[in-house]
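The structure appears right after this line, and notes come after that.
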Amino acid sequence: MVKSYMPQPSNTAAETATLTEKNAPPRELPKAYDPAAIEDRWAQYWVRERLFDVATPAPGSGAAPAFTVLLPPPNVTGNLHMGHMFEHTETDILVRWRRMLGQPTVWVPGTDHAGITTQMLVERQLTGEGSSRQQLGREAFVKRVWQWREHYGGAILSSMKRIGDTVDWSREYFTMDENLSHAVREAFVRLYEQGLIYRGAYIVNWCPRCQTAISDLEVAHEEQQGKLWEIRYTVIDSPGEFVTVATTRPETMLGDTAVAVHPHDERYKHLHGKRLRLPLIGRDIPVVLDEWVKMDFGTGAVKVTPAHDPNDFAIGQRHHLPAISVMDETAHMNAEAGPYQGLDRYEARKRILHDLEAQGLLAATRDHVNAIGKCARCNTVVEPRLSTQWFVAVNKPAREGGPTMASLAIAAVTVDAHGHKPLRFTPENNEKIYLDWMTNIYDWCISRQLWWGHRIPAWHCAACQQITVARQDPTACAHCGSKDITQETDVLDTWFSSGLLPVTVFGWPPADGKPTPDLTAFYPTSLLVTGFDILFFWVARMIMLGCWFMQDVPMPDGTPRPIDEIVPFREVYIHALVRDADRQKMSKTKGNVIDPVEIVNRYGTDAVRFTLASMASPGTDIAFNEARTEGYRAFANKIWNAARFIFMNVDRAREAGIEIDPTALGEPPTAADDAPLEMRWIAARTNSVAAEINAALGEYRFHEAANLVYQFFWGDFCDWYLEISKLRLDFSDAADKSTTKAALTLLLQTFESALRLLSPFMPFLTEELWHVLYNGNPPAKSIALTRYPQGSAHSDDPAESAFALLQELIVSVRALRKDLGVEEKAAVPVRIKPLAPRLPFAQNLEIIQRLARVSAIETLDSLPDGMPVRATPQFDVQVVYEKKVDTIAERERLTKELARYEKEQANASRQLSNESFLGKAPAAVVEGLRRRAAELEMLLDKTRKALEDLK
RNA sequence: AGGCGCGUAGCUCAGUUGGUUAGAGCGCUACCUUGACACGGUAGAGGUCAGGAGUUCGAGUCUCCUCGUGCCUACCA
C-alpha cells in the first residue's frame with residue numbers, strides 16, 4: 001500500500017523523531033514512480049502554506065540583499081503555453097537556487113489586462129450573442145470585460161501553481177488594480193506636466209478591424225508578391241505631356257496633394273514649379289522638390305498622399321501641403337473619394353485601376369515584392385492613417401540640458417567611470433540590439449481607441465478647446481473655468497502600464513517623496529527573465545520609464561539616487577524560443593502548438609522541467625522533443641528506485657538495531673581518511689559536483705547544471721556508489737555494526753545532498769522523497785527552504801583519481817569478459833600487470849569481485865602470451881578463461897585501435913619535433929604531450945603484440 | 001536593403017577564453033528477468049565538426065569566401 005508522508009505544519013525540533021523509531025511508518029513506495037500521485041498534493045501544499053511569501057524587511061534590519069524577480073505578466077486572456085513553461089522553469093530554477101543560497105527571494109506574479117486582445121475576445125463573445133460593444137455602451141462593456149476577467153483571467157495562474165512556480169502569491173497584482181491604476185495616472189500626469197506628453201495629428205498604424213491606432217511594434221511585416229502600377233498625371237498648361245508616377249497603392253491617389261521629384265533629377269527639371277491634374281478627381285496639385293525621393297526607384301516621381309503614408313506626411317509637412325483623408329476608420333472610402341465613396345479599399349483599387357486604364361492613364365503594371373504591415377493581433381492589413389493621438393516625447397529633456405528618456409535608457413547599459421554597467425544583458429549581444437533601437441527611437445504613440453484599459457486622464461473643453469490633465473477628475477476647465485468638459489475617450493497603450501511595473505508593484509509613487517519600504521528593499525530588481533519578442537515592447541519601456549521616475553526618488557538616506565539604483569533591474573536574461581520538434585515556431589494557425597499541461601500530465605512536471613532545463617543553453621532555440629522527456633521521466637524513476645533501495649536498507653538497519661540520527665542527514669557528506677575508497681570518493685565527488693553546478697547556475701548555463709546533476713545522480717551515485725554500498729550494508733550478526741552504520745549514514749547524507757542539488761530542477765519528486773527520508777519529520781517545511789550544497793571550487797581529492805583507476809580496471813575486465821564470451825554469472829580469475837605504483841586494487845578486492853565478477857586477482861610481472869590483454873598506461877589486465885575468443889572480431893577491434901594510436905602518435909611526434917611548438921606552447925601542454933607520447937609508444941607495442949598473438 | 005544566428009554521431013543537442021584522445025540523451029547491436037529500478041544493467045558500433053582558403057607551433061573554436069538554413073530590424077513609393 002502507498003503511504004502519504006505529508007509533513008505536519010506544527011513540526012518542531014522537539015517532535016523530530018529518529019528514523020528508526022518503532023512506530024515510524026514503513027517506507028513502502030510503489031515500484032514505479034507515478035508523478036500524478038504526488039504532484040497536485042505538493043503544489044497545493046506550497047501555496048497553502050505560503051512558503052514563498054516574503055514580508056518586506058523592516059528598514060535597517062540588516063537583512064541580506066534580496067533577490068527580486070518580476071514575472072513578465074501573462075495576459076489575462078492567456079493559457080499556459082510551452083514558452084511560458086520554459087520561461088517559468090528557468091526563472092524558478094534560479095529563484096529556488098537563490099532562495100536556497102539563503103537570500104530573501106521574491107518572485108512577483110501578476111497578470112496584464114492586455115487591452116486589444118482582451119477587448120477582441122469579449123467582442124467576439126458579444127457577437128456570438130448577437131450583441132456588440134456599441135450596443136452595450138462603454139460603461140456596460142467595461143463591466144462585462146471585468147466579469148470576463150473574473151471568470152477566465154486566472155487560468156494561467158492556476159497552471160503556474162500546478163507546475164510549481166515559487167512566486168510570492170501575497171504580492172499578486174493585476175495591471176488594472178486600483179493602486180496600479182492610480183500610479184499609471186500619476187505617471188501620465190507627471191510626464192504631461194514635464195512637457196513630455198503631447199497630442200497631435202500624425203500618421204499612425206491603424207487597424208481597420210480593431211479600429212484603433214497600434215504602435216510600430218504591433219505591426220508584423222510580411223513580404224508578398226504585389227504590383228507596382230505606373231500612372232500618368234497630366235501636366236497643366238502643357239497639353240499631351242504626362243508625369244508618370246509609380247505606386248503600390250493606387251486607391252490612395254484620391255488623396256494626393258502633390259507629386260514629388262528629386263531636385264537634381266534631370267528628367268524632371270523642366271517641371272519644377274509646374275502643376276498637375278490629378279486623374280479621376282481632377283484636383284490641381286503642385287510638383288514639389290524633395291531629396292527624399294529616390295531617383296532610381298520606379299519612375300523617380302512620387303505621388304504624395306500626406307494623409308495615408310508616413311513618408312508622404314513628412315513631405316507634406318515640409319512643403320505645407322494639405323492632407324486629405326479618403327478613407328474612414330473601417331478602411332472604406334469616404335466622401336473625399338468622390339465616386340468611389342463607400343467602397344472597401346481593395347474594391348476601390350480595382351475600380352480605380354479599371355477607370356485609369358479606360359482613360360489610357362495606366363502606363364504600366366509591374367510585379368513588385370513589397371512588405372505589407374499586418375496587425376499583430378488580428379492579422380488585418382494595417383492602414384497608415386492620419387489621426388490625432390497622444391505621444392510620449394522620448395528624445396526631449398524635461399529641463400534644458402537634462403537627460404531624455406532615451407538618453408537615460410542608453411546610460412543604463414553604458415559602462416560608467418568605474419568600468420561598471422548598471423544593467424547587463426545575457427546573452428550579451430542583446431545589448432547591441434537594444435542600443436541600436438534606443439538610439440534610433442521615435443516618439444511613442446500611447447493612445448489606443450479602445451474601451452478596455454487605463455483611460456487617459458485628460459478633459460477637453462468645449463468652450464476654449466483647451467485640455468485639462470489632472471490627478472483628480474476635474475469639474476471645470478483649468479483654463480477658462482467652463483463646466484462643459486468631456487473626458488478623452490482613448491485609453492493608454494497596455495505597455496505604458498506594464499512598462500511601469502518595476503516601480504508600481506513596489507508602491508510607487510511614494511506619498512512622502514521618500515522610497516517606500518518595498519522600493520528600498522526590492523528596487524532595483526535583481527533579474528528579469530524574458531523573451532526576445534518583448535525586448536522593445538516591454539524591456540526597453542521599463543528601462544525608460546523606470547529610470548525616468550526613479551531618478552526623482554532619493555535613496556533612503558536622502559542622497560540622490562545614482563544610475564545603478566535607478567535602473568529597474570540589474571540583469572536581463574533573454575531566453576530562447578521553444579519550437580516544435582521540427583524547429584518550427586509554434587503557432588495556433590500552424591496547429592503545432594504543444595500544450596505543456598498535456599505533456600505534464602503524461603510525463604510529470606519534473607520530467608518536462610528537466611527537459612527544458614537540459615536544453616536551455618543561452619541563446620539557442622529549443623526544439624522540444626518528447627523523446628527527451630521520456631528519458632527524464634526514466635531519470636525520475638531511477639531516483640525513485642534509488643530511494644526505495646535506500647529506504648529498504650534503513651528498515652533493515654532498524655531491524656538490526658542500527659539507528660541513524662536524523663539531524664546528521666543534512667550534513668555535507670564526509671568520510672574519514674581510513675574509510676573505504678568509495679566513501680571517500682563519493683564525499684569528494686558530491687563536493688566537487690556541487691561546486692560545478694553552482695558555477696553553471698551563476699552563468700545561466702542551465703543545460704550544464706542539469707547535465708551535471710543528471711550524470712552525478714545516475715552515473716556516480718546509482719551506477720557506482722550504490723552498487724558498492726551493497727557490499728557495506730551488511731546487517732548480519734557477524735558484521736561490525738559501527739562500520740555498517742557509517743556506510744549507511746554516508747549513503748543517506750549523500751542522497752540527501754543529491755536531492756537538494758536536484759530540487760530546483762525537479763521540485764516535486766525531491767520534495768516527496770526528502771519528506772520520506774525524514775520520515776515525515778523534516779527539519780524544514782520544504783526542501784526548498786533548506787540550504788543548497790555549495791561544494792568547494794577546486795578539489796583534487798586523491799580518492800577521486802584512485803577511484804577512477806578502480807573504475808578503469810572494472811570496465812576493462814567487463815569488456816574482456818564480453819570479448820571472451822564469459823557467462824554473465826560466472827566469476828573468473830584475472831591477472832594484472834601493474835605499471836604504476838600504488839594501484840588501489842589490493843585494498844579494494846571485494847569491490848572488483850562484485851562489480852566485475854572476479855573470483856581472484858593475481859599480480860604478475862609479465863602476462864602469459866596467447867590470451868587477450870586490455871592495456872592501459874597504468875596496468876595491463878587479462879581474464880583467465882579457456883573459451884575461445886572470437887578471433888575475427890578481436891582482430892578487427894585491435895586493428896582499429898592500432899590505427900587510432902598510430903594516427904595520434906604521428907601527430908604527437910610531429911608536434912614534439914617542432915621547435916616553435918616547444919618554444920611557444922605553454923610548458924604544461926608540452927609536458928602533457930610528452931607523457932602522452934610515451935604512453936602511446938607503449939600502447940602501440942602492446943597492441944601490435946596482441947595482434948601478433950592472434951595469428 | 002541592412003543586422004544577427006545556425007550548420008558537430010541516424011535523430012535532438014553540448015563543446016566557457018584556440019591546447020593533448022570531440023561529449024551526452026534517444027535510437028541501434030550483443031548479452032543479462034543479479035532482491036532498488038526492464039522507465040533497468042553491462043559492453044559496443046557510429047563523427048574527414050557543411051565546403052574552401054587563411055592566421056597560428058596548434059583550429060570544431062579566430063578571419064575571409066562559397067553553399068544551405070533560420071530570425072530580427074527597415075518610411076523605397
Side-chain angles (χ1 to χ4, degrees), chain A residues 29 31-33 203 216 221 228 245-249 252 260 292-294 296-299 301-305 309-314 368 370-371 384 429 432-433 436-437 440 532-533 535-536 577 579 581 583 585 607 614-615 617 619-625 627-628 630-649 695-696 699 701 703-704 707 710-711 718-719 722-723 726 811 814-819 821 823-825 853 893 900-901 903-904 907-908 910-911 914-922 924-933 936:
Chain A
L29 303 180
K31 193 167 163 182
Y33 173 51
I203 293 279
D216 290 346
H221 293 275
L228 186 64
V245 301
T247 181
T248 53
R249 304 183 56 222
T252 64
W292 174 81
V293 178
K294 311 249 181 321
D296 54 359
F297 187 89
T299 60
V302 189
K303 59 191 272 313
V304 180
T305 322
D309 183 281
N311 296 310
D312 294 7
F313 182 77
H368 178 70
N370 63 336
N429 61 323
K432 189 181 168 304
I433 298 170
D436 282 352
W437 188 79
N440 300 308
F532 179 81
D533 52 334
L535 181 61
F536 306 135
L577 214 64
R579 301 166 174 281
R583 311 209 112 268
K585 217 170 179 171
S614 74
M615 302 189 73
S617 170
T620 311
D621 284 353
I622 289 183
F624 190 88
N625 134 332
R628 277 185 85 132
E630 258 173 64
Y632 294 122
R633 179 181 58 184
F635 178 48
N637 188 60
K638 183 77 180 176
I639 292 160
W640 181 261
N641 277 289
R644 291 179 65 221
F645 170 79
I646 290 166
F647 298 149
M648 180 186 88
N649 280 288
E699 293 172 39
R701 304 174 66 81
H703 67 297
E704 198 176 295
N707 288 331
Y710 179 94
Q711 296 298 343
C718 291
D719 289 348
L722 224 53
E723 288 306 320
K726 290 175 182 172
V811 169
R814 285 168 174 170
L816 273 174
R817 292 174 54 108
K818 303 268 182 190
D819 290 348
E823 293 87 358
E824 288 286 327
K825 283 179 184 166
R853 296 216 174 244
R893 188 183 70 79
R900 205 170 59 228
Y901 288 149
K903 190 177 155 204
E904 199 191 333
N907 251 319
R910 184 170 47 76
Q911 290 245 71
N914 183 329
E915 284 302 325
S916 4
F917 172 70
L918 299 174
K920 291 180 183 174
V925 171
V926 177
E927 177 51 29
L929 193 59
R930 280 225 172 85
R931 218 176 314 128
R932 180 62 185 166
L936 282 168

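What you are looking at is a predicted structure, and each value in this text was computed from that prediction instead of being measured. So that the names make sense, note that chain A is the first sequence line, chain B the second, and so on, each numbered from 1. Below, each value reflects all heavy atoms present in this structure, side chains not excepted, and no hydrogens, waters or symmetry copies.
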Results of side-chain contact (heavy atoms from CB on, under 4.5 Å) for [X] - residues two or more places apart only:
X: Asn311(A); result: Trp292(A), Asp309(A)
X: Arg900(A); result: Glu897(A)
X: Glu630(A); result: Tyr603(A), Arg633(A)
X: Ala933(A); result: Ala908(A), Leu912(A)

| request: Would you check if Met615(A) and His703(A) make a side-chain contact, meaning some heavy-atom pair closer than 4.5 Å? | output: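 When only atoms from C-beta onward are counted, His703(A) and Met615(A) do not touch, as no gap falls below 4.5 Å.
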| Is the closest side-chain heavy-atom distance between Arg930(A) and Leu918(A) below 4.5 Å? |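 Counting from C-beta outward, Arg930(A) and Leu918(A) do come under 4.5 Å.
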What distance, rounded to whole Å, do you find between the two [atom1] atoms, one in [N] and one in [M]?
N: C62(B); M: C6(B); atom1: P; value: 9 Å
N: A45(B); M: A22(B); atom1: P; value: 14 Å
N: G7(B); M: U63(B); atom1: P; value: 14 Å
N: U8(B); M: G15(B); atom1: C1'; value: 9 Å
N: U12(B); M: U17(B); atom1: P; value: 25 Å
N: U66(B); M: C4(B); atom1: P; value: 15 Å
N: G41(B); M: G25(B); atom1: P; value: 10 Å
N: G23(B); M: U16(B); atom1: P; value: 14 Å

| said: Using a distance-only criterion (donor-acceptor N/O pair, under 3.5 Å, no hydrogens), is the base of U20(B) paired with the side chain of Arg931(A)? | reply: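 Absent.
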| request: Please confirm whether any donor atom in the side chain of Lys638(A) sits under 3.5 Å from an acceptor in the base of C39(B), or the reverse. | output: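 In this structure, the two groups form no donor-acceptor pair.
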| How far does OG1 of Thr305(A) sit from CG of Asp312(A), to the nearest 0.5 angstrom? |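 One finds 5.0 Å between OG1 of Thr305(A) and CG of Asp312(A).
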| task | Tell me which of Lys825(A) and Gln911(A) sits closer to the 5' end of RNA chain B, going by the nucleotide each one is nearest to. | result |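 Here Lys825(A) is the residue nearer the 5' end.
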| 5' priority, RNA chain B, between Leu722(A) and Ser916(A) [closest heavy atom] |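 Whichever sits nearer the 5' end wins; that is Leu722(A).
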Main chain of [Y], side chain of [X]: is a donor-acceptor contact present, judged purely on distance under 3.5 Å?
X: Asn641(A); Y: Ala32(A); value: no
X: Asn914(A); Y: Arg910(A); value: no
X: Asn625(A); Y: Arg628(A); value: yes

Would you mind classifying the nucleic acid contact of [X] as base, sugar-phosphate or nothing, using non-hydrogen atoms under 4.0 angstrom?
X: Pro922(A); answer: base
X: Arg930(A); answer: nothing
X: Lys726(A); answer: base

Set out, line by line, the N/O atom pairs under 3.5 Å between protein and nucleotides 23-27 of chain B.
none

Please give, in whole Å, the distance from [N] [atom2] to [X] [atom1]?
X: Arg644(A); N: G40(B); atom1: CZ; atom2: C1'; result: 12 Å
X: Leu936(A); N: U20(B); atom1: CG; atom2: P; result: 14 Å
X: Lys903(A); N: U21(B); atom1: NZ; atom2: P; result: 9 Å
X: Phe647(A); N: C37(B); atom1: CZ; atom2: P; result: 15 Å
X: Ile622(A); N: C6(B); atom1: CD1; atom2: C1'; result: 15 Å
X: Phe635(A); N: C37(B); atom1: CZ; atom2: P; result: 18 Å
X: Tyr33(A); N: G40(B); atom1: OH; atom2: P; result: 16 Å
X: Glu904(A); N: U20(B); atom1: CD; atom2: C1'; result: 7 Å

| task | Respond yes when some side-chain nitrogen or oxygen of Arg701(A) is under 4.0 Å from OP1 or OP2 of G15(B), and no when none is. | result |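 Answer is yes, contact under 4.0 Å.
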| remark: Going 5' to 3' through nucleotides 72-77 of chain B and flagging B where a protein heavy-atom sits under 4.0 Å of the base, S where only the sugar-phosphate is that close, and - otherwise, we get SS-BBB
| query | Nucleotide by nucleotide, 5' to 3', does protein get under 4.0 Å of the base (B), only the sugar-phosphate (S), or neither (-) in nucleotides 42-47 of chain B, counting heavy atoms? | reply | BSSSS-
Who are the side chain to side chain donor-acceptor pair (under 3.5 Å) partners of [X], not counting sequence neighbours?
X: Tyr33(A); answer: none
X: Lys726(A); answer: Glu723(A)
X: Gln911(A); answer: none

| message | Holding to ring-ring contact (aromatic ring centres under 6.0 Å, His included), I want the full list of residues that pass it with Phe635(A), two or more places apart in sequence or in another chain. | response |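 In terms of ring-ring contact (aromatic ring centres under 6.0 Å, His included), with neighbours along the sequence ignored, Phe635(A) is linked to Phe610(A), Tyr710(A).
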| task | Could you point out which residue of Arg814(A), Lys818(A), Arg853(A) forms a salt bridge (charged side-chain N to carboxylate O under 4.0 Å, His left out) with Glu824(A)? | result |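 Of the listed options, the one satisfying the test is Lys818(A).
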| note | Symbol by symbol from the 5' end, with Watson-Crick or G-U pairs under 3.5 Å, [ ] crossing and | another strand, RNA chain B is (((((((..((((.....[...)))).(((((.......))))).....(((((..]....))))))))))))....
| Lys/Arg-Asp/Glu bridge criterion (N-O < 4.0 Å) met for Glu904(A), Arg932(A) |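 Salt bridge present between Glu904(A) and Arg932(A).
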